[in-house]
Amino acid sequence: MQLYITPDDAVNKKVIADAKAAGYTAVVISIDAPAAGKSDEVIRQGYKFPKLPKPYLQHGIKSGLDWDDVKMVMRESGLPVLIKGVTTPELADEAMRRGLAGVIVSNHGGRQIDGLPGSFDVLPSVVKAVKGRGVVLVDSGFRRGADVFKALACGADAVGIGRPVLFGPAVGGWEGVQSTYARLAEELAFTMNVAGVSTIAEITDKFLIEPKNV
Ligand SMILES: Cc1cc2nc3c(=O)[nH]c(=O)nc-3n(C[C@H](O)[C@H](O)[C@H](O)COP(=O)(O)O)c2cc1C
(Lines give C-alpha, C1' and ligand atoms only; values in the text may rest on other atoms or scores of the structure.)
Protein backbone atom coordinates (compact mmCIF):
# COMPACT_ATOMS: atom_id res chain seq x y z
CA MET A 1 0.00 0.00 0.00
CA GLN A 2 1.02 3.62 -0.44
CA LEU A 3 0.72 5.65 2.74
CA TYR A 4 0.67 9.33 3.52
CA ILE A 5 1.37 9.76 7.22
CA THR A 6 -1.20 11.96 8.92
CA PRO A 7 -0.52 14.03 12.06
CA ASP A 8 -2.81 11.63 13.98
CA ASP A 9 -1.05 8.43 14.98
CA ALA A 10 -4.29 6.64 15.80
CA VAL A 11 -5.40 7.21 12.20
CA ASN A 12 -2.06 6.00 10.86
CA LYS A 13 -2.25 2.84 12.93
CA LYS A 14 -5.81 2.13 11.80
CA VAL A 15 -4.94 2.61 8.12
CA ILE A 16 -1.95 0.28 8.48
CA ALA A 17 -4.03 -2.35 10.31
CA ASP A 18 -6.76 -2.16 7.64
CA ALA A 19 -4.17 -2.52 4.89
CA LYS A 20 -2.66 -5.56 6.59
CA ALA A 21 -6.09 -7.11 7.02
CA ALA A 22 -6.77 -6.48 3.33
CA GLY A 23 -3.65 -8.47 2.44
CA TYR A 24 -1.20 -5.76 1.44
CA THR A 25 2.35 -7.08 1.56
CA ALA A 26 4.48 -3.91 1.76
CA VAL A 27 4.09 -0.26 2.71
CA VAL A 28 5.38 2.66 0.68
CA ILE A 29 5.58 5.91 2.64
CA SER A 30 5.42 8.94 0.36
CA ILE A 31 7.76 11.49 1.90
CA ASP A 32 7.66 14.25 -0.69
CA ALA A 33 4.14 15.60 -0.55
CA PRO A 34 3.08 17.08 2.79
CA ALA A 35 0.91 19.45 0.74
CA ALA A 36 -0.52 19.56 -2.76
CA GLY A 37 2.06 20.22 -5.49
CA LYS A 38 2.89 23.79 -6.44
CA SER A 39 5.16 23.53 -9.45
CA ASP A 40 4.68 26.43 -11.87
CA GLU A 41 3.04 24.04 -14.31
CA VAL A 42 0.53 22.81 -11.72
CA ILE A 43 -0.33 26.43 -10.91
CA ARG A 44 -0.57 27.38 -14.60
CA GLN A 45 -2.97 24.52 -15.26
CA GLY A 46 -5.10 25.55 -12.30
CA TYR A 47 -5.13 21.96 -11.07
CA LYS A 48 -7.51 21.36 -8.19
CA PHE A 49 -7.67 18.14 -6.24
CA PRO A 50 -10.84 16.16 -6.87
CA LYS A 51 -12.72 14.72 -3.90
CA LEU A 52 -10.03 12.98 -1.86
CA PRO A 53 -9.62 9.39 -3.02
CA LYS A 54 -8.20 8.44 0.38
CA PRO A 55 -10.79 9.43 3.02
CA TYR A 56 -8.24 9.23 5.84
CA LEU A 57 -6.50 12.25 4.31
CA GLN A 58 -9.23 14.48 5.76
CA HIS A 59 -6.84 14.40 8.74
CA GLY A 60 -4.15 16.10 6.64
CA ILE A 61 -0.61 15.01 5.86
CA LYS A 62 2.12 15.38 8.44
CA SER A 63 4.89 17.90 7.72
CA GLY A 64 8.44 17.35 8.89
CA LEU A 65 8.44 13.56 8.85
CA ASP A 66 11.32 11.98 10.71
CA TRP A 67 12.73 8.51 11.23
CA ASP A 68 10.47 7.91 14.24
CA ASP A 69 7.51 8.08 11.85
CA VAL A 70 9.16 5.49 9.63
CA LYS A 71 9.94 3.32 12.64
CA MET A 72 6.29 3.49 13.70
CA VAL A 73 5.19 2.20 10.28
CA MET A 74 7.76 -0.62 10.38
CA ARG A 75 6.67 -1.61 13.89
CA GLU A 76 2.91 -1.37 13.28
CA SER A 77 2.91 -3.10 9.92
CA GLY A 78 5.63 -5.71 10.36
CA LEU A 79 5.84 -5.48 6.57
CA PRO A 80 8.67 -4.43 4.26
CA VAL A 81 8.67 -0.61 4.20
CA LEU A 82 9.94 1.62 1.39
CA ILE A 83 10.13 5.39 1.15
CA LYS A 84 9.03 7.16 -2.02
CA GLY A 85 10.40 10.54 -3.05
CA VAL A 86 14.10 9.86 -2.59
CA THR A 87 16.33 12.20 -4.60
CA THR A 88 19.71 11.87 -2.88
CA PRO A 89 22.13 8.98 -2.29
CA GLU A 90 22.61 10.09 1.34
CA LEU A 91 18.95 9.53 2.13
CA ALA A 92 18.98 6.18 0.34
CA ASP A 93 21.99 5.08 2.36
CA GLU A 94 20.36 6.11 5.63
CA ALA A 95 17.17 4.28 4.67
CA MET A 96 19.20 1.12 4.19
CA ARG A 97 21.06 1.56 7.47
CA ARG A 98 17.69 1.87 9.19
CA GLY A 99 16.48 -1.41 7.75
CA LEU A 100 14.06 -0.27 5.06
CA ALA A 101 13.28 -2.71 2.27
CA GLY A 102 13.91 -0.21 -0.47
CA VAL A 103 13.60 3.28 -1.87
CA ILE A 104 11.66 4.82 -4.71
CA VAL A 105 13.56 7.48 -6.59
CA SER A 106 10.91 10.01 -7.56
CA ASN A 107 10.29 13.71 -7.90
CA HIS A 108 6.54 13.05 -7.93
CA GLY A 109 6.40 13.44 -11.69
CA GLY A 110 7.90 16.93 -11.39
CA ARG A 111 4.57 18.21 -10.11
CA GLN A 112 5.43 18.77 -6.50
CA ILE A 113 8.05 21.51 -6.57
CA ASP A 114 10.28 22.98 -9.27
CA GLY A 115 14.04 22.60 -9.11
CA LEU A 116 14.32 18.99 -8.00
CA PRO A 117 16.74 16.83 -9.97
CA GLY A 118 15.34 14.46 -12.55
CA SER A 119 14.91 10.89 -11.32
CA PHE A 120 17.20 9.63 -14.07
CA ASP A 121 19.94 12.03 -13.00
CA VAL A 122 20.08 10.73 -9.43
CA LEU A 123 19.23 7.08 -10.06
CA PRO A 124 22.83 5.85 -10.60
CA SER A 125 24.09 7.51 -7.40
CA VAL A 126 21.18 6.09 -5.41
CA VAL A 127 21.79 2.58 -6.78
CA LYS A 128 25.44 2.94 -5.81
CA ALA A 129 24.53 4.11 -2.29
CA VAL A 130 22.03 1.28 -1.74
CA LYS A 131 24.68 -1.31 -2.61
CA GLY A 132 22.17 -4.11 -3.07
CA ARG A 133 20.88 -3.83 0.51
CA GLY A 134 17.34 -3.16 -0.71
CA VAL A 135 15.35 -2.60 -3.87
CA VAL A 136 15.51 0.59 -5.90
CA LEU A 137 12.42 1.58 -7.82
CA VAL A 138 12.16 4.71 -9.91
CA ASP A 139 9.45 6.85 -11.45
CA SER A 140 8.79 10.31 -12.91
CA GLY A 141 8.92 10.93 -16.61
CA PHE A 142 9.28 7.37 -17.89
CA ARG A 143 7.28 7.24 -21.08
CA ARG A 144 8.82 4.76 -23.51
CA GLY A 145 10.04 1.20 -23.32
CA ALA A 146 13.55 2.45 -24.04
CA ASP A 147 13.32 4.66 -20.93
CA VAL A 148 12.53 1.55 -18.91
CA PHE A 149 15.50 -0.26 -20.47
CA LYS A 150 17.84 2.60 -19.51
CA ALA A 151 16.55 2.69 -15.93
CA LEU A 152 17.05 -1.05 -15.57
CA ALA A 153 20.55 -0.66 -17.03
CA CYS A 154 21.23 1.97 -14.36
CA GLY A 155 20.37 -0.64 -11.73
CA ALA A 156 16.70 0.03 -10.99
CA ASP A 157 14.76 -3.07 -9.95
CA ALA A 158 11.51 -1.73 -11.39
CA VAL A 159 10.10 1.37 -13.04
CA GLY A 160 6.87 3.10 -12.06
CA ILE A 161 4.54 4.71 -14.56
CA GLY A 162 2.17 7.47 -13.45
CA ARG A 163 0.35 9.68 -15.90
CA PRO A 164 0.53 7.45 -18.99
CA VAL A 165 -1.80 5.09 -17.18
CA LEU A 166 -4.32 7.96 -17.21
CA PHE A 167 -3.56 9.17 -20.74
CA GLY A 168 -4.56 5.75 -22.12
CA PRO A 169 -8.12 5.63 -20.79
CA ALA A 170 -8.61 9.36 -21.45
CA VAL A 171 -8.01 8.69 -25.15
CA GLY A 172 -9.36 5.19 -25.58
CA GLY A 173 -11.23 3.90 -22.52
CA TRP A 174 -10.33 0.40 -21.37
CA GLU A 175 -8.61 -0.30 -24.66
CA GLY A 176 -6.46 2.73 -23.96
CA VAL A 177 -5.33 1.18 -20.68
CA GLN A 178 -4.40 -2.02 -22.48
CA SER A 179 -2.60 -0.22 -25.26
CA THR A 180 -0.59 1.92 -22.79
CA TYR A 181 0.88 -1.19 -21.20
CA ALA A 182 1.13 -3.11 -24.46
CA ARG A 183 3.04 -0.30 -26.11
CA LEU A 184 5.50 0.00 -23.24
CA ALA A 185 6.03 -3.77 -23.25
CA GLU A 186 6.49 -3.85 -27.02
CA GLU A 187 8.99 -1.00 -26.94
CA LEU A 188 10.94 -2.63 -24.13
CA ALA A 189 10.98 -5.96 -26.00
CA PHE A 190 12.12 -4.19 -29.17
CA THR A 191 14.92 -2.37 -27.31
CA MET A 192 16.02 -5.65 -25.73
CA ASN A 193 16.02 -7.34 -29.12
CA VAL A 194 18.16 -4.59 -30.63
CA ALA A 195 20.51 -4.79 -27.63
CA GLY A 196 20.76 -8.56 -28.07
CA VAL A 197 19.30 -9.63 -24.73
CA SER A 198 16.34 -11.85 -24.02
CA THR A 199 15.93 -11.50 -20.26
CA ILE A 200 15.57 -8.51 -17.93
CA ALA A 201 18.53 -9.83 -15.90
CA GLU A 202 20.77 -9.28 -18.90
CA ILE A 203 20.04 -5.54 -18.94
CA THR A 204 23.12 -4.31 -17.17
CA ASP A 205 25.27 -1.19 -17.03
CA LYS A 206 27.34 -2.48 -19.94
CA PHE A 207 24.78 -0.72 -22.13
CA LEU A 208 25.48 2.65 -20.53
CA ILE A 209 27.84 5.15 -22.07
CA GLU A 210 30.18 6.41 -19.39
CA PRO A 211 30.46 10.19 -19.36
CA LYS A 212 34.20 9.76 -19.95
CA ASN A 213 33.45 8.13 -23.32
CA VAL A 214 31.06 10.79 -24.55
C1 LIG B 1 -3.50 11.50 -10.57
C2 LIG B 1 -2.25 11.18 -9.79
C3 LIG B 1 -2.36 10.86 -8.44
C4 LIG B 1 -1.20 10.58 -7.70
N5 LIG B 1 -1.34 10.25 -6.39
C6 LIG B 1 -0.23 9.93 -5.68
C7 LIG B 1 -0.35 9.53 -4.32
O8 LIG B 1 -1.44 9.46 -3.74
N9 LIG B 1 0.79 9.23 -3.67
C10 LIG B 1 2.03 9.29 -4.27
O11 LIG B 1 3.04 8.98 -3.63
N12 LIG B 1 2.16 9.67 -5.55
C13 LIG B 1 1.06 9.98 -6.26
N14 LIG B 1 1.20 10.37 -7.56
C15 LIG B 1 2.54 10.45 -8.17
C16 LIG B 1 2.88 9.13 -8.81
O17 LIG B 1 2.91 8.10 -7.85
C18 LIG B 1 4.26 9.16 -9.49
O19 LIG B 1 5.27 9.50 -8.56
C20 LIG B 1 4.36 10.11 -10.66
O21 LIG B 1 3.11 10.29 -11.32
C22 LIG B 1 5.35 9.52 -11.63
O23 LIG B 1 5.61 10.39 -12.67
P24 LIG B 1 4.94 10.26 -14.14
O25 LIG B 1 3.51 10.66 -13.98
O26 LIG B 1 5.77 11.24 -14.92
O27 LIG B 1 5.10 8.83 -14.62
C28 LIG B 1 0.08 10.63 -8.33
C29 LIG B 1 0.17 10.94 -9.69
C30 LIG B 1 -0.97 11.23 -10.42
C31 LIG B 1 -0.83 11.55 -11.89
Side-chain angles (χ1 to χ4, degrees), residues 1-6 11-12 15-16 18-19 22 24 26-63 65 69-70 73 77 79-88 91-92 95 100-123 126 135-152 154 156-171 176-177 179-181 183-185 187-188:
M1 76 168 301
Q2 178 266 322
L3 178 72
Y4 282 121
I5 295 184
T6 80
V11 172
N12 298 327
V15 172
I16 292 167
D18 287 352
Y24 283 86
V27 183
V28 170
I29 307 171
S30 295
I31 60 169
D32 58 357
K38 273 202 177 171
S39 68
D40 286 352
E41 187 59 17
V42 165
I43 294 168
R44 191 188 65 75
Q45 291 177 357
Y47 179 79
K48 295 262 181 311
F49 264 102
K51 198 166 173 290
L52 287 174
K54 300 182 175 93
Y56 74 88
L57 288 183
Q58 63 185 281
H59 301 276
I61 301 175
K62 186 173 179 183
S63 291
L65 291 180
D69 296 307
V70 175
V73 176
S77 70
L79 294 172
V81 174
L82 296 83
I83 49 174
K84 171 173 180 280
V86 172
T87 56
T88 66
L91 180 59
L100 271 77
V103 295
I104 305 184
V105 177
S106 173
N107 62 18
H108 220 100
R111 292 160 39 244
Q112 195 56 17
I113 190 169
D114 290 319
L116 282 176
S119 285
F120 234 131
D121 295 329
V122 292
L123 176 63
V126 168
V135 293
V136 179
L137 279 61
V138 65
D139 76 18
S140 299
F142 293 83
R143 295 291 177 268
R144 311 297 298 262
D147 300 337
V148 175
F149 183 98
K150 290 175 207 167
L152 297 175
C154 284
D157 293 289
V159 178
I161 307 296
R163 282 160 294 182
V165 176
L166 304 176
F167 299 155
V171 174
V177 183
S179 74
T180 300
Y181 285 112
R183 184 179 149 146
L184 276 164
E187 290 175 348
L188 176 58

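Counting convention: from 1, in listed order, for ligands and their atoms alike.
Of all atoms in ligand 1, listed by their number and element, those nearer than 4.0 Å to a heavy atom of R163 are 24 (P), 25 (O), 26 (O), 27 (O), 31 (C). Every atom of ligand 1 is numbered from 1 in the order shown, and the set under 4.0 Å from a heavy atom of K84 is 10 (C), 11 (O), 12 (N), 15 (C), 16 (C), 17 (O), 18 (C), 19 (O). In the vicinity of S30, heavy-atom distances shorter than 4.0 Å reach the ligand 1 atoms 9 (N), 10 (C), 11 (O). Interface atoms of ligand 1 facing G141, defined by a heavy-atom separation under 4.0 Å, are 23 (O), 24 (P), 26 (O), 27 (O). Those atoms of ligand 1 with a heavy atom of D139 less than 4.0 angstrom away are 18 (C), 19 (O), 22 (C). Using a 4.0 Å cut-off to heavy atoms of S106, the atoms of ligand 1 that qualify are 19 (O).
A151 and L123 make their closest contact through O-CD2, 3.7 Å (heavy atoms, listed as atom of the first residue, atom of the second, distance). Of all heavy-atom pairs between R143 and F167, the closest is NE-CE1, 4.3 Å. Of all heavy-atom pairs spanning Y24 and L79, the tightest one is O-CD1, 3.5 Å. The two residues S30 and L65 have their closest heavy-atom pair at O-CD1, 4.2 Å.
The side-chain contact (heavy atoms from CB on, under 4.5 Å) test with I83 is passed by exactly one of I104, V27, L91: L91.
Proximity of L166 to ligand 1, defined as any heavy-atom pair under 4.0 Å, is confined to the side chain (atoms from C-beta onward).
The nearest heavy-atom contact from the protein to atom 7 (C) of ligand 1 is Y4 OH, 3.3 Å. Scanning the protein for heavy atoms near atom 13 (C) of ligand 1, the closest one is H108 NE2, 3.6 Å. Atom 20 (C) of ligand 1 has as its closest protein heavy atom G109 N, 3.8 Å. For atom 21 (O) of ligand 1, the closest non-hydrogen atom on the protein side is G162 CA, 3.7 Å. Residue, atom and distance of the protein heavy atom nearest to atom 8 (O) of ligand 1 are K54 NZ, 2.7 Å.
The protein reaches atom 23 (O) of ligand 1 closely, with a heavy atom under 4.0 angstrom from it. Distances from atom 15 (C) of ligand 1 to the protein include at least one heavy-atom value under 4.0 Å.
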Item to check | Intermediate values then yes/no, ring-ring contact (aromatic ring centres under 6.0 Å, His included), F142 and F120 | outcome: CA-CA 9 Å; F142 293 83; F120 234 131; 5.2 Å; yes
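No side-chain donor from either of N107 and S119 sits under 3.5 Å from a side-chain acceptor of the other.
Here atom 29 (C) of ligand 1 lies nearest to R111 when heavy atoms of R111, Q112, R143 are compared.
R111 contributes atom CZ, which lies 14.5 Å from atom NZ of K38 (distance to the nearest 0.5 angstrom).
For ligand 1, the polar-atom distance check finds no N/O of I161 at less than 3.5 Å from any of the ligand's N/O atoms.
Residue I113 places its CD1 atom among 12 or fewer non-hydrogen atoms of other residues, nucleotides or ligands, all under 6.0 Å distant.
Side-chain contact check for D139 versus K84: some heavy-atom pair is nearer than 4.5 Å.
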